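First up is the structure itself, then whatever we jot down about it.
We're numbering straight along the sequence, starting at 1. Treat the numbers as computed from the prediction; the structure is a model and nothing was measured.
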Amino acid sequence: MFEFEKLCREVEKIDPVTYALVVEQKSKDVIAKLALVTENGLSGLTIYTGLVVGAIISDGKISEEEFVLVKPMLDVAFERDFTLAEANALMKYFKAETKEYKQFIDAVADLFGEISDDLKADIVTVCLLICAVDGKVSFRERKWLKQLIR
């Protein structure tokens, strides 16, 4: 647990350009690897998008920094130019569909038992970076990340 808290503090200090570079590099790799191990008709991109949305909404709001960081991925996932207003609408939808989203995260957590430790680490790293891009990993974001790690 101590290591997780230490990691959060370290990631909070990374500059936004580095965030973007690491997220972009790891995202491509994670999506490709998830595509090889997914079940139940979920694509690697679908799972990844759900995780990214979860990281964004875990604290109950979408910061401009978070949106700018994940906009390229949302554009690809939704096959159009995604706006901040649409991201906010998506957040409201997921908040309203809490039970369904929790089931999705539970399914992803089950999938974690079948993937390599390296892929798990990359997924958690991307989610942590998204949570920390505004300079702070909040209590609610930490709680959400711990749910992924469990």
Does the side chain to side chain contact (heavy atoms under 4.5 Å, CB included) test come out yes or no for C131 and D59, once each step is laid out?
-> CA-CA 8 Å; C131 289; D59 64 353; over 6 Å; no

Side chain to side chain contact (heavy atoms under 4.5 Å, CB included) between C8 and L128, worked out | CA-CA 7 Å; C8 288; L128 176 58; 3.9 Å; yes

Kindly indicate whether the side chain of I115, heavy atoms from C-beta on, has any atom under 4.5 Å from the side chain of I123.
-> yes

Linking I/L/V/M/F/W/Y whenever any side-chain heavy atoms sit under 4.5 Å apart, do L21 and I31 land together?
-> no

Hey, are the side chains of Y19 and V11 touching, using non-hydrogen atoms and a 4.5 Å cut-off?
-> yes

Can you tell if the side chain of L51 reaches within under 4.5 Å of the side chain of V126, non-hydrogen atoms only?
-> no

Pairwise distance CG(D29) to CD(E24) - rounded to 0.5 angstrom | 12.5 Å

Any donor-acceptor N/O pair, D75 side chain to F82 backbone, under 3.5 Å | yes

Roughly how far, to the nearest 0.5 Å, is the CD atom of E3 from the CD atom of E10?
-> 8.5 Å

For E65 and D134, the nearest pair of non-hydrogen atoms, with its separation, is OE1-CB, 3.9 Å

Salt bridge flag under 4.0 Å for residues D122 and K26 | yes

Does E141 pair with K136 as a salt bridge, N-O distance under 4.0 Å?
-> no

With the threshold set at 4.0 Å, does a side-chain nitrogen-carboxylate oxygen contact exist between K146 and E5?
-> yes

Sub-3.5 Å donor-acceptor pair from the side chain of Q25 to the main-chain atoms of V22, do we have one?
-> no

Nearest heavy-atom pair of I56 and E66: which atoms, and what distance?
-> O-OE1, 3.7 Å

Under 4.5 Å between side-chain heavy atoms, hopping through other hydrophobics if needed: is there a path connecting V23 to I14?
-> yes

Start with the C-alpha gap between F4 and R142, add the side-chain angles, then the distance that decides, and say whether side chain to side chain contact (heavy atoms under 4.5 Å, CB included) holds.
-> CA-CA 9 Å; F4 176 74; R142 289 169 197 251; 4.1 Å; yes

Shortest non-hydrogen pair, A55 vs W144, comes out as N-CH2, 3.4 Å

D15 versus T18, side-chain donor and acceptor atoms under 3.5 Å = yes

Using atom types as modelled and distance alone, determine if a side-chain donor or acceptor of E12 lies under 3.5 Å from a backbone N or O of V137.
-> yes

Which distance, rounded to the nearest 0.5 Å, do you find between the OG1 of T83 and the CG of N88?
-> 8.5 Å

Distance (rounded to the nearest 0.5 Å) between Q147 CD and S58 OG | 10.0 Å

Could you grab the distance from atom CG of L45 to atom CG of L34, nearest 0.5 Å is fine?
-> 9.5 Å

If Ile, Leu, Val, Met, Phe, Trp and Tyr residues are connected whenever their side-chain heavy atoms lie under 4.5 Å apart, and connections chain through other members, are L84 and V70 in the same group?
-> yes

If you measure from CD1 on I130 to OG on S63, what distance do you get to the nearest 0.5 Å?
-> 10.5 Å

